[in-house]
A.B. asks: 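Take a look at this one; I'll ask things after.
Numbers for residues simply follow the sequence, beginning at 1.
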Amino acid sequence: MSLIWAILIGFFVGIIAKLLTPGRDPGGFFVTAIIGIVGSLIATFLGRALGWYATGETAGFLGALVGSIIVLLGYRMLKR
C-alpha cells in the first residue's frame, strides 16, 4: 500500500515540480507525471536507506518534491 501512496503523491508532486522549476520542459503532461512518480519513489527509497523513514513509510510531500525537482533537472540535462 505504501508504494501506491508514493505513486499518488509523486503524480501531484511532478505537476508542482514542473510549475516550480523555470524553463521549458522537453516532456508533456505524462512525462512530468512519470518524473514526479520516479522522484517520489527515489526519495522514499533513499530516505529509508538513510534512516529518515521507517519501513512502510513513504517520503513526505517535501521530500518527494525535492526528489522530483532533482529528477526533472536531470531529465532536462539529458534531453539537451
A.B. asks: Closest heavy-atom contact between Ile69 and Ala17?
C.D. replies: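 In terms of heavy atoms, the two residues are closest at CG1-CB, 3.7 Å.
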A.B. asks: How many angstroms lie between CG in Leu41 and CG in Leu46, if you round to the nearest 0.5 Å?
C.D. replies: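 The distance works out to 12.0 Å.
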A.B. asks: Mind checking whether Arg76 and Leu72 have side chains closer than 4.5 Å, heavy atoms only?
C.D. replies: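 Yes. Closest side-chain heavy atoms under 4.5 Å.
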A.B. asks: CD1/Ile42 to CD1/Ile35 distance, rounded to the nearest 0.5 angstrom?
C.D. replies: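 That separation rounds to 10.5 Å.
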A.B. asks: Ser68 side chain to Ala64 main-chain N or O, any donor-acceptor pair under 3.5 Å?
C.D. replies: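 The answer is yes, because a donor-acceptor pair under 3.5 Å joins these two groups.
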A.B. asks: For the CZ atom of Phe12 and the CD1 atom of Ile37, what is their distance to the nearest 0.5 Å?
C.D. replies: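 So the CZ of Phe12 and the CD1 of Ile37 are separated by 10.0 Å.
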A.B. asks: If the condition is side chain to side chain contact (heavy atoms under 4.5 Å, CB included), which residues does Ile34 pass it with, not counting sequence neighbours?
C.D. replies: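 For Ile34, the residues satisfying side chain to side chain contact (heavy atoms under 4.5 Å, CB included) (neighbours in sequence not counted) are Val38.
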A.B. asks: Could you work out, with side chain to side chain contact (heavy atoms under 4.5 Å, CB included) as the rule, every residue matching Leu62, not counting sequence neighbours?
C.D. replies: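 Per chain and number, Leu62 pairs via side chain to side chain contact (heavy atoms under 4.5 Å, CB included) with no residue.
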A.B. asks: Going only through I, L, V, M, F, W and Y residues with side-chain contacts under 4.5 Å, is there a path from Leu20 to Ile70?
C.D. replies: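 In one cluster with Leu20: Ile70, no.
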A.B. asks: Does the side chain to side chain contact (heavy atoms under 4.5 Å, CB included) test come out yes or no for Val31 and Tyr75, once each step is laid out?
C.D. replies: CA-CA 10 Å; Val31 172; Tyr75 177 71; 3.8 Å; yes
